[in-house]
K.L.:
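Structure below; questions to follow.
As the structure is a computational prediction, the values presented were derived from the model and not from experiment.
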Amino acid sequence: MAENSSSLLDRSRTVAGPGYNRWLVPPAALAIHLAIGQAYAFSVFNKPLGALISGDPAKPAPDDWTPLQIGITFSIAIVLLGLSAAIFGKWLERVGPRKAMLASSLCFGGGFLIASLGVHLHNIWLLYFGYGVVGGIGLGIGYISPVSTLIKWFPDRKGVATGMAIMGFGGGAMIGSPLANNLMTHFKGSAPLGVAPTLIVMGIIYLIFMQFGVWTIRVPADDWKPAGYVPSTVHNDMITTANVSADNAIKTPQFWMLWVVLLCNVTAGIGVLETASPLIQAVISGTAKGKGMDSTALAAAGAGFVGLLSLFNLLGRFFWSSASDKLGRKVAYAIYFGLGVVLYALAPTLGANAQLTLFVVVACVIISMYGGGFATAPAYLSDLFGKYQVGAIHGRLLTAWSTAGVLGPLIVHYLSDSRKAEGFTGAAMYQTVFYTMAGLLVVGFLANIIVTAVNERYYEKGPVTVEAGGH
């Protein structure tokens with residue numbers, strides 16, 4: 001296509017000119033991740049969605065949706081996040097981030113609109129299709145769309161760059177949760193618990209907000225380098241100067257070891273996120289001060305704890321990924337898993353003994369490393385496989401997240417329900433959950449140790465055009 005007739009969405013129209021300030025790129029990435037990070041706040045809809053017929057979350061009607069039916073919506077979204085990231089990763093590298101971000105915004109915003117129709121008609125399948133399938137595709141494309149671009153803009157600070165974007169996903173719930181609550185309160189007089197119009201407004205808000213990222217994103221020219229940047233002459237087997245394609249990357253043992261690493265990190269983190277609110281309420285109830293608290297106060301404390309974890313999830317993504325630039329990715333993950341095993345094993349004892357302050361500190365550190373694991377992964381992949389098609393490789397790695405999104409809740413609910421059936425109550429119900437997650441972290445620790453430099457036989461032969469994705 002001739003340059004003068006090319007679409008505004010074409011990658012060629014997003015190449016930055018000489019003198020462009022690369023620090024203008026992270027805000028564009030944040031605009032996407034802060035929006036799609038709303039997925040972490042989906043639980044704010046759980047009770048209202050379960051009372052659309054009765055109008056009272058405390059007294060659901062027989063025809064109301066069950067917690068299990070509603071929970072499937074989020075699971076579908078996470079599964080589609082990983083699958084769409086894997087499927088559309090190479091397309092993203094070919095067409096560039098602008099077209100991918102626009103597709104993400106249309107899917108994510110449109111998913112809210114379809115979901116609102118499902119709520120209005122009380123059709124669970126439309127809710128699944130809207131928020132789960134269409135919205136989940138938007139999640140996947142949006143999650144990976146800025147990452148490879150940031151890595152190319154910041155070859156000297158890959159951890160900082162990916163941390164800046166991915167911390168937005170961790171912080172999305174801090175915006176999405178109060179926004180949804182306020183809108184449902186505003187609309188509760190015009191629709192059952194205000195859910196359907198809230199979904200419409202949120203879909204439109206996110207669609208518009210994401211356009212900032214769509215139209216301000218820029219990619220560097222193929223020969224661009226930061227001013228004064230001199231690649232390190234110190235040889236490091238774990239940082240390649242070659243490039244590996246997405247199709248070859250999945251043939252390497254390194255990719256699958258990192259897949260196991262991410263699976264273990266995410267599954268263990270979900271163990272904390274899934275149990276956070278009821279567990280902290282149980283711990284508080286065991287303290288002298290907590291014994292006199294009513295259920296409303298305990299619920300408020302649980303919500304506050306979840307908010308605190310969201311904050312550390314966000315901060316950990318930036319702190320740990322930035323630290324990995326100095327420590328190295330392999331060392332960073334060794335800390336996540338090594339320290340994590342100790343803290344996960346310690347948490348049940350602190351909970352059982354009602355050591356509230358220490359328990360909160362431990363949980364916050366755990367969740368910061370959970371977020372750090374997400375943010376460090378793209379830089380780890382770039383070190384091992386090069387910048388060529390790193391977005392597509394990252395997309396395929398995120399299928400581990402999809403798997404963990406199903407596996408994590410299953411493990412948590414099975415183990416806690418088993419303990420409950422045995423007569424355990426309070427914090428003791430979750431003891432085996434934390435011990436099992438500690439065991440998973442041991443597996444992740446061993447998988448990370450096994451990761452070595454990629455064999456040269458997987459390298460691309462001859463020069464490659466990084467931004468074109470080899471197309």
K.L.:
Going by the salt bridge (charged side-chain N to carboxylate O under 4.0 Å, His left out) test, which pairs reach into residues 34-51, not counting sequence neighbours?
P.N.:
none

K.L.:
Does anything in residues 307-319 pair up under side chain to side chain donor-acceptor pair (under 3.5 Å), and if so which pairs, sequence neighbours excluded?
P.N.:
Tyr40-Arg317, Asn313-Arg317

K.L.:
Pick one: which of Phe255, Trp259, Tyr333 meets ring-ring contact (aromatic ring centres under 6.0 Å, His included) with Tyr380?
P.N.:
Tyr333

K.L.:
Checking Thr376 now: which residues fulfil side chain to side chain donor-acceptor pair (under 3.5 Å) with it, not counting sequence neighbours?
P.N.:
Tyr336

K.L.:
Please list all pairs passing the salt bridge (charged side-chain N to carboxylate O under 4.0 Å, His left out) test where one or both residues lie in residues 393-406, with sequence neighbours left out.
P.N.:
Asp247-Arg396

K.L.:
Just to verify, what does His122 make a ring-ring contact (aromatic ring centres under 6.0 Å, His included) with, not counting sequence neighbours?
P.N.:
Trp65

K.L.:
Who passes salt bridge (charged side-chain N to carboxylate O under 4.0 Å, His left out) against Asp64, sequence neighbours left out?
P.N.:
none

K.L.:
With Trp320, which residues qualify under side chain to side chain donor-acceptor pair (under 3.5 Å), at least two apart?
P.N.:
Ser368

K.L.:
What pairs of donor and acceptor atoms, side-chain ones from residues 126-133 against any protein atom, are under 3.5 angstrom apart with sequence neighbours left out?
P.N.:
residue: Tyr128; atom: OH; partner: Gln69; partner atom: O; Å: 2.7
residue: Tyr131; atom: OH; partner: Gln38; partner atom: OE1; Å: 2.7

K.L.:
Restricting to pairs with a member in residues 44-63, which pass ring-ring contact (aromatic ring centres under 6.0 Å, His included), not counting sequence neighbours?
P.N.:
none

K.L.:
Anything under 3.5 Å between a donor and an acceptor, one on a side chain of residues 100-109, the other on a protein residue two or more places apart or in another chain? List them.
P.N.:
residue: Ser104; atom: OG; partner: Gly138; partner atom: O; Å: 2.8
residue: Ser104; atom: OG; partner: Gly142; partner atom: N; Å: 3.4
residue: Ser105; atom: OG; partner: Leu102; partner atom: O; Å: 2.8
residue: Ser105; atom: OG; partner: Gln211; partner atom: NE2; Å: 3.1

K.L.:
Got a list of side-chain donor-acceptor pairs under 3.5 Å for residues 167-180, not counting sequence neighbours?
P.N.:
none

K.L.:
Got a sec, which pairs hit salt bridge (charged side-chain N to carboxylate O under 4.0 Å, His left out) with one end in residues 326-344, sequence neighbours left out?
P.N.:
Asp325-Arg329, Arg329-Asp383

